[in-house]
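Below is one structure, written out as structure tokens, with a few remarks after it.
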Amino acid sequence: MAVSASAPVAREAIQAAILSALEKDRGIANTEGFKVKGTPVDQAEIIGLLKSLESREIVTYEAIEDEWLELTEEGADIADHGSYEARVFHAVPSGNEPISVPDLKEKLGQIAQFGQGRAIKNKWIKKEGAGFVKAVEKIDDESQKLLQRIRSERKHSDEKVVKELKKQKHVTPIKSLSYSVKKGVKFTTDVRKEDTDVTEEMLKSGDWKNATFKKYNFNAEGVQPRCGSLHPLLKVREEYRQIFLELGFSEMPTAKYVESSFWNFDALFQPQQHPARDAHDTFFLSDPATSDRFPKDYLERVKKVHSEGGYGSIGYGYDWQQKEAEKLLLRTHTTAISSKMLYDLAQEYKRTGVWRDVKWFSIDKVFRNETLDATHLAEFHQVEGVVAGKGLTLGDLIGTLHNFFKKLGIEKMRFKPAYNPYTEPSMEIFAWHDGLARWVEIGNSGMFRPEMLLPMGLPEDVSVIAWGLSTERPTMIKTGVDNIRKLAGHKCDLAFLNRDPIARLDK
Ligand code: PHE
């Protein structure tokens, strides 16, 4: 480690030196060159102290800004030994015996080259044969005198001259900031450390009466608080939850990611050959790979409706396999939860003979075996709404969706006929996006098919309307995040989630 020429002076020592200087004289005219026991003190140190002393009215100070010229090493050399052209002049003999160029170089080194041209231009020397002789008896070395004057006066009034000297690198401007210091109204040399708090001891001993307390600095900038923040997806989820609760929905228990194919697909009248049931689209479990814990009589009815039909349907007409239904998977949609919930509701109805309307929602994670890109992750969150009641129609579905999305601030909506194995009719939901100036698909919806509801044991006159959407898409649109991987998944920067204004948005 490099050792500086003088060890830094302790803050207390500088403070004591300033105060004793003030006590002796009336003030310190300029802290420039202020020394403590012979060691010069940095002005930055001094201002730190002055600020604190001023806040306690012990001193007052004013800044002194100064600017002056200082000679460079080369400038000082000229001031001491003359300009290069003058040195060339003095090296050249008078009379008729010239000095050759090599001899001049031998004598003066590089300076011969630097000064030669100007000495000729000044008509101080002239060519004689292959060398030079003096052209005048005596010269006046203005350049040397100029630099000598600047050295003592540290200033020059002619800006042009200064500019030229700077260009030649003979002078450099120096700026300084120092201070003039005077006694303040509460001047004292006995500066005690100020107390910051009234302590129990002070109160007991009565010391608080004589203590000096540090003033509050209301201009101090606070430290950025280290606090947690909600993930934007959690915020959006909370927003959806509130809307559902306001509309009188209750939340379905979704705290499980693993489902059987039975509840995820078969109960939803999704045929076993359906491409969504392929390993390319769905994550299947390997250990345990299967489960057969389904209600056996219901399983029989599901098997029947798939293979033979019933309830006014001709079914799909294929050989339904229980093995296929037993496969465990990471649920591909929260509709798997809805199907199990509706089955349980039907059992309640069977037991009690009393029908009750339900309005349910869920917001939770689902999994798809997708190729990851800017808008797709292998997992995302679904919002699902389910309303079951007697005599519900497509009009109820459309009205419910309008109510729901209005609460989200979406007024312009369009519906497009679509296909889901478990709903008929089915509609994709589009919303007008002002920013993008186009219709954006925001969800999927429909009325659950009788082939799904009747095998469960729900009354025939009950219909169920349902819809689903992702939370990621609207969150991206809302927060302007163009890559889903920035928002969720293993590449997501946690610091971004904490620091970014989106983490602090109210809504
Ligand atoms: N389950 C559907 C999906 O994953 C959404 C949906 C839910 C559609 C309910 C209709 C009814 O996209």
Side-chain angles (χ1 to χ4, degrees), residues 237 240 243-244 247 249 251-252 254 256-257 259-271 274-278 280-283 329-343 345 358-370 375-389 392-405 413-431 440-453 456 458 462-474 484:
R237 176 171 141 161
Y240 280 122
I243 290 171
F244 276 118
L247 292 171
F249 283 65
E251 193 161 7
M252 294 188 268
T254 50
K256 59 189 245 196
Y257 294 155
E259 268 301 345
S260 62
S261 293
F262 183 75
W263 292 112
N264 194 84
F265 294 127
D266 297 279
L268 290 163
F269 196 52
Q270 186 142 332
H274 193 281
R277 301 180 68 146
D278 200 288
H280 292 297
D281 289 296
T282 301
F283 291 114
L329 45 75
L330 293 178
R331 67 174 176 226
T332 66
H333 53 186
T334 43
T335 317
I337 303 286
S338 306
S339 68
K340 177 67 167 55
M341 291 288 288
L342 287 167
Y343 171 79
L345 180 69
V358 297
K359 296 205 274 185
W360 291 327
F361 77 98
S362 69
I363 309 167
D364 212 339
K365 199 181 268 192
V366 299
F367 305 84
R368 304 260 170 104
N369 198 352
E370 303 252 21
T375 54
H376 293 91
L377 288 177
E379 49 180 84
F380 61 96
H381 293 80
Q382 262 187 346
V383 180
E384 179 134 343
V386 180
V387 180
L392 293 177
T393 65
L394 187 65
D396 292 300
L397 174 58
I398 293 175
T400 305
L401 291 175
H402 268 295
N403 278 345
F404 174 76
F405 284 101
M413 288 170 68
R414 271 185 185 173
F415 303 99
K416 181 180 156 189
Y419 171 76
N420 288 311
Y422 38 91
T423 52
E424 181 59 36
S426 310
M427 304 187 303
E428 278 170 3
I429 310 162
F430 287 80
V440 182
E441 198 203 322
I442 51 169
N444 188 359
S445 67
M447 303 189 65
F448 284 135
R449 296 181 76 105
E451 290 98 325
M452 167 182 164
L453 300 179
M456 291 176 171
L458 288 168
V462 164
S463 25
V464 181
I465 61 183
W467 68 100
L469 43 132
S470 93
T471 57
E472 278 77 358
R473 177 86 67 97
I484 196 166

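Residue indices begin at 1 and follow the sequence shown. What's counted below: heavy atoms across the whole structure, side chains too, no hydrogens, waters or symmetry copies. We count ligands from 1, going down the list as the structure has it; atoms in each ligand are counted the same way.
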(message) Testing Thr423, Leu342, Leu458 one by one against Met452 for a side-chain contact (heavy atoms from CB on, under 4.5 Å), which residue passes?
(response)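 Exactly one option meets the side-chain contact (heavy atoms from CB on, under 4.5 Å) with Met452, and it is Leu342.
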(request) Please determine, by modelled atom types, if Thr332 and Asn264 share a side-chain donor-acceptor pair under 3.5 angstrom. (result)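 Yes, because at least one side-chain N or O of Thr332 sits under 3.5 Å from a partner of the opposite role on Asn264.
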(request) Compute whether any side-chain donor of one residue and acceptor of the other, for Asp396 and Thr393, lie under 3.5 angstrom apart. (result)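 Present: a donor and an acceptor within the cut-off.
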(message) Arg368 vs Phe380, test: side chain to side chain contact (heavy atoms under 4.5 Å, CB included). Steps then yes/no.
(response) CA-CA 8 Å; Arg368 304 260 170 104; Phe380 61 96; 3.6 Å; yes
(message) Please find the pair of heavy atoms, one from Gln382 and one from Thr334, that lie closest to each other, and give the distance.
(response)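 Between these two residues, the closest heavy atoms are OE1-N, 2.8 Å.
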(request) Please name all residues satisfying ring-ring contact (aromatic ring centres under 6.0 Å, His included) with Phe269, sequence neighbours left out, ordered by chain then number. (result)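 Checked Phe269 against ring-ring contact (aromatic ring centres under 6.0 Å, His included); matches are His306, Tyr316.
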Ligand 1 N/O to protein N/O, distances under 3.5 Å:
residue  : atom  : partner : partner atom : Å
ligand 1 : 1 (N) : His333  : ND1          : 3.1
ligand 1 : 1 (N) : Thr335  : OG1          : 2.8
ligand 1 : 1 (N) : Tyr422  : OH           : 2.9
ligand 1 : 4 (O) : Arg368  : NH2          : 3.0
ligand 1 : 4 (O) : Gln382  : NE2          : 2.8

